[in-house]
Each structure stands twice: as C-alpha cells, then as structure tokens.
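The structure under discussion appears below in the form of structure tokens.
Start at 1 and go down the list; that is how both ligands and their atoms are numbered. No experiment lies behind these values; they were computed from the predicted model shown.
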Amino acid sequence: MKNLSTVVIGGGIIGLSIAWRLVREGHQVTVVEKGKVGAEASRVAAGMLAASAEVGFEELELYHLCRESLRIWPEFARELESDSGIQVDYRSNGTLIVAHDADAATALKRGFDFQKENHYPVEWLSREETLDLEPFLSPRIVASVFASEDHAVDNRLVLKGLQRAISNLGGQIIEEAEVLGIVFSGDMVDVQIEGRPPVTANVAVIAAGAWSRQIAGIPTPDVPPVRPVKGQILELKMDRPFELNHVVRGRKAYLVPRSDGRLIVGATSEEMGFDKRMTAGGVFSVLEGAWEMVPGILDLELLGIDVGLRPGSRDHQPIVGYCMDRRLYMATGHYRHGVILSAVTALESAKSILSGKDSPVFGQFSPKRFARHEI
Ligand code: GLY
C-alpha cells in the first residue's frame, strides 16, 4: 500500500536524500527545516565515503552498512547529477591511513590485522610506497594502510544538488520553519510550525540530526537518544607545487582534497552540548594532527573554519526505521557517517515508506532497540 504523502523534519543530507528518493517515485513530499537547508552538520562534513578508514574496531555491522552504501554511491551520485544538473566532485582515489611514528605504526598494524581478518579491501604500504603515492607526506612517516575502495564527494555540492533535484521534481522545501511539535490525528500526522499552517501527511520522518530528540510530540518510547558531538574543521587552499590526491588520515586528523584545489582538514570530536564556538584549542589540535602527517600545510592559505554538531546516538550507530508508532519514521544518529550513509539510508527509507514495510538492511539499526529503555 502506497503512502500518499510524507513530511520530512530536517533539511540536512539525510532528510534531503530521503525526500529526493521519494519525490523521484512521484510521492508527495514536504521538507521542513528550522533554518536554511544544508546549513548544519552536513555542510561541515568532509565528504569522506570511507568505509574502511572511518569505521572503528569491532563495528562490523556498521562497516557492512557503510560498504553497502559505498557500493550504491556512484549510481546515487550519477542520478543526483542528472536530476539536479550539479556535479558533486565524486573522487575514487582511495584513503591512506598514515602512521607518523613508531607507536602509531603499532596501532595501525593492529587495526590492519583486524581489517584483513574481516576482509576489508586494504593494503599495507611501506614508507617508500606511501611517499611514492603522496610525496608531500612527512618523510618521517613509518607506514600506511591504503584503503583503495574508499571514495569522497563534495558534501556541499551534494546538498545543493539535493535541494535543486527536490525542487525540479516537484517536492516542497520550507525553510526558516520552526517545528513546534507533531500531533497524531487518525491515520495522519500534523507537523505544527510557528507562524504557518501545519503540514499534514501520512508519515513524518524525523531527520533533524542532533536536534531530533527535541521535537515535541514524539511518543516517549520513540524519542531518539541523540546528542550533539561538536566537530571543528578547516578549509585550506592547495597551491602548487603542493598537492594531495588521496584522502589522508591519521590518529588525530584527516585531510580531504577537492578537485578545485581546496583541502578540508578535520575534525575535532567534542562533547560540548550545543556550543558552536570555534576555539583556538580545537583549531590547534586539528592542525597539529594534520601537520604531523603533512608538514607543508603550514604554508597554505587558510580559507575558513567551521563548526558542526554531529548527531551521536547512545551506541554511536544510526537510528533508522519505523517507530513504535508507524506514522513516525526515524532517520538520525548517523554520527560521523552521515555522508557515506546517506545513500543507503535514502534508498532503503524511501522503499520502506512507499511499501509500509521495514527494511531488512536497517534491522539492527531500528529505533525500536531503544524503545524499552529510559531515554
Ligand atoms: N566523518 C568525519 C567526521 O565526522 O569528522
């Protein structure tokens, strides 16, 4: 049975991606965003599609979900480019996970052994092999792991593309719309908005990132346990002869090159609530971590600093699927993986919302895993 209409609360990469896949199927969709779409965590991300390099030890289920999303990302990007007319700078050069000293190399080897045991597509590179791939890495580095199947995308272009594609296909986006709460009525759900008429739909998708638990009217068992995890990020300008072609990451920082010459350097991970101040300490720690791997960055022009609040869930896994009340669908808690997971979240959520059935792909990431616990 097809739902007739959906309202998506939250215009970040997750909410917009779900909305785009739904309007593509001819479904009626309204996105309600408290500020400007794509102006929070999704914009501040680096755009790594880094299943092997980003997912931690023993997070195998999350790894497999990221791999599945990475598998569908190239087609997702092509379709988005075609629907929007915006190119998203999809890059498939791979990631180098670098050990800048002997201790880091020991830790890297432990991680590599785990990755090999679990069949990640990674390769151990000596210092010389690493420097052959990226001559601007520090000559002091000890070794690296090359994750050749990790990709990257320009998240800001993806956000622009999503906004344009939704509008081109007839979806509605309402910005500067503060949600006062959701109210259930019969088979429908009303999203009440300050100073505007409510939006009524068959399903409301909560995709409000770190703000998802603040939406009034979510029944208590369905309130998602998400909190903001602050990330500070820098943007530099690569100037010849300086050049990086791969994503480079180490223990304290990552560097993500864009085709237009920008270099994104991130990111802190801070438990500071909704505090969005940029701090000297945050910038210092990111720069120090990046400088240990790529000393030449100190000469690059600093284009900007930005702060985002990632939605971290209680178990640091995404929260996606129908709630106990099936007029409510949750898509939040993507934490450090919002960009890579947007493809699988959007495709599977759209399928779920159109069919009314749960997605097996998101079985263990269902919001119902929290439903019996105190929030
Ligand atoms: N995925 C990168 C970050 O959250 O900083």
Side-chain angles (χ1 to χ4, degrees), residues 12-14 17 38-57 59 62-63 65-67 69-70 73 88-91 93-98 111 147 149-159 209-210 212 226-236 244 246-258 262-272 274-276 278-279 281-290 293 304-313 315-319 332-345:
I13 197 162
I14 296 296
S17 302
E40 294 286 351
S42 323
R43 192 179 67 91
V44 181
M48 286 179 283
L49 309 178
S52 297
E54 275 266 299
V55 179
F57 259 137
E59 290 190 311
L62 181 61
Y63 170 72
L65 187 67
C66 287
R67 287 289 302 175
S69 205
L70 186 52
W73 243 106
V88 297
D89 194 20
Y90 195 94
R91 291 168 63 98
N93 299 10
T95 298
L96 281 168
I97 314 162
V98 169
E149 294 181 19
D150 280 5
H151 298 168
V153 75
D154 185 332
N155 41 296
R156 293 188 186 179
L157 295 175
V158 171
L159 290 163
S212 297
V226 283
R227 68 183 195 288
V229 182
K230 178 176 175 180
Q232 301 189 53
I233 205 161
L234 316 175
E235 198 174 291
L236 308 178
L244 274 189
H246 302 83
V247 172
V248 172
R249 63 171 306 139
R251 279 189 301 186
K252 291 194 283 184
Y254 52 75
L255 302 101
V256 183
R258 302 270 191 249
R262 283 175 303 130
L263 182 64
I264 312 302
V265 185
T268 60
S269 220
E270 303 164 68
E271 297 288 350
M272 298 288 289
F274 286 93
D275 174 350
K276 282 184 69 182
M278 294 167 205
T279 62
V283 172
F284 174 74
S285 77
V286 170
L287 274 178
E288 186 192 32
M293 299 182 287
I305 307 172
D306 223 330
V307 177
L309 300 174
R310 310 169 182 92
S313 72
D315 57 10
H316 283 165
Q317 312 286 308
I319 308 173
T332 186
H334 289 74
Y335 189 40
R336 301 182 67 103
H337 313 292
V339 180
I340 185 169
L341 289 179
S342 58
V344 73
T345 303

List ligand 1 atoms under 4.0 Å from [X], heavy atoms only on the residue side.
| X | result |
| --- | --- |
| Y254 | 2 (C), 3 (C), 5 (O) |
| A267 | 5 (O) |
| M48 | 2 (C) |

Checklist entry - Is the W73 ring parallel, tilted or perpendicular to the Y90 ring (thresholds 30°, 60°)? => result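 Ring orientation, 0 to 90° scale: tilted.
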Checklist entry - Do other residues, nucleotides or ligands put more than 12 heavy atoms under 6.0 Å from the CZ atom of F274? => result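 Counting other residues, nucleotides and ligands, CZ of F274 exceeds 12 neighbours.
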Checklist entry - So L263 and R258, side chain to side chain contact (heavy atoms under 4.5 Å, CB included) or not? Walk me through it. => result CA-CA 6 Å; L263 182 64; R258 302 270 191 249; over 6 Å; no
Checklist entry - Going by an N to O cut-off under 4.0 Å, is there a salt bridge joining R262 and D89? => result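 A salt bridge is absent here (no side-chain N lies under 4.0 Å from a carboxylate O).
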Checklist entry - Is it true that R310 and E40 make a salt bridge, defined as a side-chain N closer than 4.0 Å to a carboxylate O? => result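 Here R310 does not pair with E40 in a salt bridge, since their nearest N and O are not under 4.0 Å apart.
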Checklist entry - To the nearest 0.1 Å, how far is atom 4 (O) of ligand 1 from its closest protein heavy atom, and which atom is that? => result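 Protein heavy atom with the smallest distance to atom 4 (O) of ligand 1: R310 NE, 2.7 Å.
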Checklist entry - Counting only heavy atoms, which portion of Y335 has something under 4.0 Å from ligand 1: side chain, backbone, both, or neither? => result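 Looking at Y335 and ligand 1, no heavy atom falls under 4.0 Å.
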Item to check | Within reach of ligand 1, part of H337 (heavy-atom separation under 4.0 Å) | outcome: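 Neither part.
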